[in-house]
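Scroll down for the structure; my scribbles are underneath it.
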Amino acid sequence: MIKRTVYSLLEEAVAAHGDSAALHQPVTAKEGRGYRTYSWTEYRTIVREIACGLRTLGVRNGDMVAVGSETRAEFYLLDVGIMANGSTSAALYVNSQAADQVSALRRCGAKLIFVEDGKIYKALQGAGAADLDARWVVMTGLIDGVMTLEEVRARGRAAMADDAEYFERIRLAVMPGQRAILYLTSGATGEPKFVEVSHASLVANVDFGKKVIEMGPKDRALAFLPSAHIAQRLGIELLPLAMGIPVYFSESLARLPHEFKIVKPTFFLAPPRVWERVYASVRTEILKRGGAAKKLFYVAIGMSAAAVKLRQAGKPVPVWMKAPLALFNKLVFSKIRERFGGELTFAVSGAAPLAKELALFYEAIGMPLHEGFGLTEGGILTLNLPGRQRIGSIGPALPGVKLKLADDGELLVSGPTVAMGYFNDEKATADVFRDGWLYTGDIAEIAKDGYVSITGRKKEIIVSSNGKKIYPTRVEELFKTETLISQMVLAGDRQPYVSALFTINAAAAETLDGLHGKALDEMAASPVVQSAVRKAVKAANAQLASYEQIKKFRVLPVEFSIEGGELTPTMKVRRSKVLEKYAANVAEMYAATDDLL
């Protein structure tokens with residue numbers, strides 16, 4: 001039996017697709033913007049050069065190599081090159097605090113550190129990286145006294161020219177069971193940990209995906225998520241590698257809307273936050289237009305959503321609906337889909353729970369979101385497959401993945417995609433990886449046909465002073481389609497009632513009376529915003545049990561951000577950090593009970 005590693009996936013891609021396009025990196029020249037395209041054959045050549053170049057620098061099988069870079073073609077080439085050398089690739093979240101990145105570098109003990117450019121290098125050096133016992137390499141541009149990626153490749157080419165078997169000896173020494181990637185968890189529910197994942201786990205996860213997803217060289221993926229995150233690494237790096245899907249890289253978040261129109265992706269993976277923002281921008285634009293446009297939009301969405309609900313229930317859509325739905329598709333829905341290029345057939349939502357109403361909206365406009373579920377310690381585990389989506393569910397397990405529920409409802413996972421454990425943390429490993437099962441920390445339900453629904457996180461459950469359990473995810477989901485509300489965090493642990501902290505969407509707030517052009521803090525404190533949020537809270541409370549209802553709230557004069565520490569690099573809210581940072585606001589809501597809703 002052939003022992004396959006991550007590099008084996010690249011060899012298979014070259015055999016199948018050869019000189020066809022693999023990677024498209026944005027470049028800027030005198031003539032304007034364009035793409036530097038790498039073929040699959042060129043991809044393999046560069047990976048070999050990098051692997052051999054690393055070996056000439058003394059980086060051995062099993063050594064740790066860190067990469068501080070945005071998601072770009074050079075990251076893919078370097079990532080696979082590091083793994084082809086038998087080394088471990090440890091990617092940094094470069095949009096996190098520089099001090100946190102230096103802490104990660106110190107903890108993982110990287111022997112060699114790649115940085116994308118001088119800006120990242122300078123930030124890390126200024127945050128204490130200068131005293132690390134590691135060699136530095138810059139991927140793009142030049143830094144005085146620092147080796148370049150091109151120089152690493154040149155060393156690799158020279159080594160292979162001197163010894164034709166140089167790379168082959170390196171390749172043959174890499175075993176499927178050895179560590180390939182060191183992931184840093186997002187820290188959404190606690191302090192970040194390092195997770196060790198083997199070549200075998202990565203290959204198995206990709207193979208499982210290939211069994212249920214039908215894509216190939218004619219498709220186009222658009223990458224923008226941080227490569228340090230498992231969803232991006234597996235879903236938009238390794239899966240396309242295994243399936244021959246060309247990947248286009250986003251130049252920046254600011255250019256993403258334009259890139260959708262240029263690339264016209266057929267495959268796009270994003271966290272719910274992105275889908276929420278698009279929905280909010282559409283709603284805001286419609287509100288600004290008002291009149292006939294507003295009425296047309298709501299009638300169209302209402303009828304299409306009703307048709308979706310009928311199909312989800314296994315009932316036929318009445319004949320009389322078909323003609324108006326076709327008209328609405330032409331006049332309304334196609335215009336919204338054009339924001340994504342108009343050819344997006346496999347839109348995936350992952351990395352956080354997707355609100356049911358949001359899923360219903362995208363299904364209604366003819367661009368269904370395929371919600372999946374995974375975690376750093378387990379890989380990508382479930383997925384709603386095309387034509388078989390179930391709103392409110394994360395889908396059934398991928399082939400080869402075993403799921404079951406513990407007595408308290410916690411979701412347990414077993415199978416070849418599960419990680420090796422936590423790096424240098426035997427206690428944490430023993431706590432989470434037990435008796436052949438990974439304890440995910442998620443509370444779930446599994447339907448008879450295998451579809452899974454996540455109820456909440458064990459660590460995030462709020463237990464009120466009278467012992468009632470409140471799942472924040474269930475409550476927060478009710479606000480995901482409220483255009484004015486940007487983010488929220490519930491409080492109330494060991495308290496007599498639930499309270500909430502909100503941030504607002506500035507663009508939506510500006511559409512309210514008298515707020516155009518106002519600063520965010522002014523808008524947050526304005527009576528019109530307070531009244532609108534109060535109305536939204538009351539509407540949500542009507543759908544909740546009395547003990548789940550929000551009795552007090554505060555609108556914060558800021559937006560949560562990665563820089564501020566409230567969001568993870570993948571835009572998930574770090575609840576504990578928010579509650580710690582705004583502890584005074586929370587305390588105020590429990591100081592008196594005279595203004596309860």
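These values consider heavy atoms only, across backbone and side chains, with no hydrogens, waters or symmetry-generated copies.
- Heavy-atom minimum distance, Leu256 versus Ser250: CD1-OG, 3.6 Å.
- Among residue pairs with one or both ends in residues 45-69, none qualify as ring-ring contact (aromatic ring centres under 6.0 Å, His included); sequence neighbours excluded.
- Between Arg72 and Glu70, no side-chain nitrogen of the basic residue sits less than 4.0 Å from a carboxylate oxygen of the acidic one, so the salt-bridge criterion is not met.
- Salt-bridge formation is detected for the pair Glu196/Arg179: a Lys NZ or Arg NE/NH1/NH2 atom is positioned less than 4.0 Å from an Asp or Glu carboxylate oxygen.
- Within the structure, side-chain hydrogen bond (donor to acceptor under 3.5 Å, both in side chains) contacts touching residues 53-62 (residues at least two apart or in different chains) are Arg55-Asn85, Thr56-Arg155, Asn61-Gln178.
- By the 6.0 Å contact criterion, NZ on Lys356 is open, its count of non-hydrogen atoms from other residues, nucleotides or ligands being 12 or less.
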Would you check, one step at a time, whether the test salt bridge (Lys or Arg N to Asp or Glu O under 4.0 Å) holds for Arg48 with Glu11? CA-CA 11 Å; Arg48 289 176 173 179; Glu11 285 284 10; 3.0 Å; yes
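- Listed for the Glu168 side chain is no donor-acceptor partner under 3.5 Å among the backbone atoms of Glu165.
- A ring pair (Phe, Tyr, Trp, His ring centres under 6.0 Å) with Phe268 holds for exactly one of Phe224, Phe346, Tyr362; it is Phe224.
- In terms of modelled atom types and a separation under 3.5 Å, the side chain of Ser334 and the main chain of Asn329 share a donor-acceptor contact.
- For Arg36 and Tyr38, the positive end sits near the middle of the six-membered ring, less than 6.0 Å away and at most 45° from its axis.
- Evaluated for a ring pair (Phe, Tyr, Trp, His ring centres under 6.0 Å) with Phe249, the options Tyr35, Phe75, Tyr76 yield exactly one hit, Tyr76.
- Between the side chain of Glu214 and the backbone N or O of Val212 there is no donor-acceptor pair closer than 3.5 Å.
- Environment of CZ in Arg255: crowded, with over 12 heavy atoms of neighbouring residues, nucleotides or ligands closer than 6.0 Å.
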After noting the C-alpha distance and the side-chain angles of Ser227 and Thr71, does the key distance pass the side chain to side chain donor-acceptor pair (under 3.5 Å) rule? CA-CA 5 Å; Ser227 283; Thr71 294; 2.8 Å; yes
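- Under a 3.5 Å cut-off, the side chain of Gln25 and the backbone N or O of Ala73 do form a donor-acceptor pair.
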